[in-house]
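Just so it is clear, the values below take in all heavy atoms, side chains as well, and ignore hydrogens, waters and symmetry mates. Just so you know, these numbers come straight off a predicted model, no measurement behind them. Numbered from 1 within each chain, the chains take letters A, B, ... in sequence-line order.
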Number of protein chains: 2
Amino acid sequence: MESALDKTDLKIIELLRNNARYSFADLGRKISLSPSAVRERVQRLEDEGIIRKYKTLFDREKLGYGLEAIVMLKLFSGKLQAFMTAVDQFPEIMECYRVTGPQNIHMKVVLKDQRHLQNFIDRLIIYGDTTTHLILSDLVENEHIEKPLSG
Amino acid sequence: MESALDKTDLKIIELLRNNARYSFADLGRKISLSPSAVRERVQRLEDEGIIRKYKTLFDREKLGYGLEAIVMLKLFSGKLQAFMTAVDQFPEIMECYRVTGPQNIHMKVVLKDQRHLQNFIDRLIIYGDTTTHLILSDLVENEHIEKPLSG
DNA sequence: TTTGAAATCCATGAACA
DNA sequence: TGTTCATGGATTTCAAA
């Protein structure tokens, strides 16, 4: 376990990074390896925890969640544990990090509208003081979708 | 185009969200629909841009990128355009948002070590003033991996 | 670690309700 | 939109190298 990654592993990682739906046969064609061998390697990457998850990204606006925001939280003394266990109860929280600095929690949240944001902030207030920055645009994840299984 | 999502679409979305590698047959079994019908719906969701991308998430520490940080940038006047076109040149930037507030850019970056962080900050300084918060832990995306194609 | 063979399962597209 | 069905591929398992 925890063996080093060779070049073949890195090639598989790069391919799967931007299209989690490549088949083992697809990957094998691209890196000149049999489907069985690819499967063996992908399973090893999963078992060692190097591959964490296969996620689908959606257009949140089209799903009715038109508002995204970065919310920073300065936790009240002694509230960290309570907040950590409560995080899962907030479906709005897409990402949540404990960070260095006075605002010790940073999260990315997705909301339907401003009313929803207000409600969300109200539910956070028992844990700490919030600072909110609305997201105006996404400067990185703008790649067009790649069709699965297509060359 | 742009037709409303029904309950079946939402079920497919929920399933794909946390396992992008489900086959059409898998999805069909879970929601009692034929593989062809599932395929039809997934393709529609892709064509309408509701499904944006299938991504694989990796354990960055195990890939040799042990340092993650939130970096906020207060752009110098007139530097927005230059920064927007330069963003793609920074492989360290995993996410990057233009936000409201005095720090008008928020990004999540991934780095090998502190030396790398210093180098990264140095390369940003021509665009604006940076504020850096090291990520200590991830409070949300800690789900265990789901094996592809397994019930 | 990889290949290749065999059995099983899936994707795809056409015909049709 | 949906099902069924034919067929060409893909997955899976395992023996062998």
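With rounding to the nearest 0.5 angstrom, the CG atom of A:Leu117 is 12.5 Å from the NZ atom of A:Lys112.
Across all strands shown, B:Ala25 has heavy atoms under 4.0 Å from sugar-phosphate atoms exclusively, and none from any base.
Look at CD1 on A:Ile31: it is 10 Å from P on C:dT3, rounded to the nearest Å. Spacing between atom CZ of A:Arg21 and atom P of C:dC10 amounts to 13 Å, rounded to whole angstrom units. In this entry the distance linking CD1 of A:Ile12 with P of C:dT1 reads 12 Å, nearest Å. Counting to the nearest Å, the C1' atom of C:dG4 and the CD atom of A:Glu40 are 15 Å from each other. Rounded to an integer number of Å, the gap from CG of B:Leu33 to C1' of D:dT4 is 13 Å. Spacing between atom CG of A:Leu27 and atom P of C:dT2 amounts to 13 Å, rounded to whole angstrom units. Distance CZ (A:Phe24) to C1' (C:dG4): 18 Å, rounded to an integer number of Å.
Ring geometry, A:Phe90 versus A:Phe83: the interplanar angle falls from 30° to 60°, so the pair is classed tilted. In this pair, A:His106 and B:His133 present their aromatic rings tilted. The plane angle is within the 30 to 60° band.
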Show the distances under 3.5 angstrom between N or O atoms of the protein and N or O atoms of nucleotides 13-17 of chain C.
{"from": "C:dG13", "atom 1": "OP2", "to": "B:Arg39", "atom 2": "NH2", "distance (Å)": "3.1"}
{"from": "C:dG13", "atom 1": "O6", "to": "B:Ser36", "atom 2": "OG", "distance (Å)": "2.9"}

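Of all nucleotides listed (C:dT2, C:dC10, D:dT1), C:dC10 comes nearest to the side chain of B:Arg29. Of all nucleotides listed (D:dG2, D:dT12, C:dT2), D:dT12 comes nearest to the side chain of A:Pro35.
Ion pairing between a basic and an acidic side chain is recognised when a charged N comes within 4.0 Å of a carboxylate O; A:Glu46 and B:Arg21 show no such pairing. Ion pairing of B:Lys11 with B:Glu14 is absent here, as no side-chain N (NZ or NE/NH1/NH2) approaches a carboxylate O to less than 4.0 Å.
Between the side chains of B:Arg115 and B:Asn119, not a single donor N or O lies within less than 3.5 Å of an accepting N or O.
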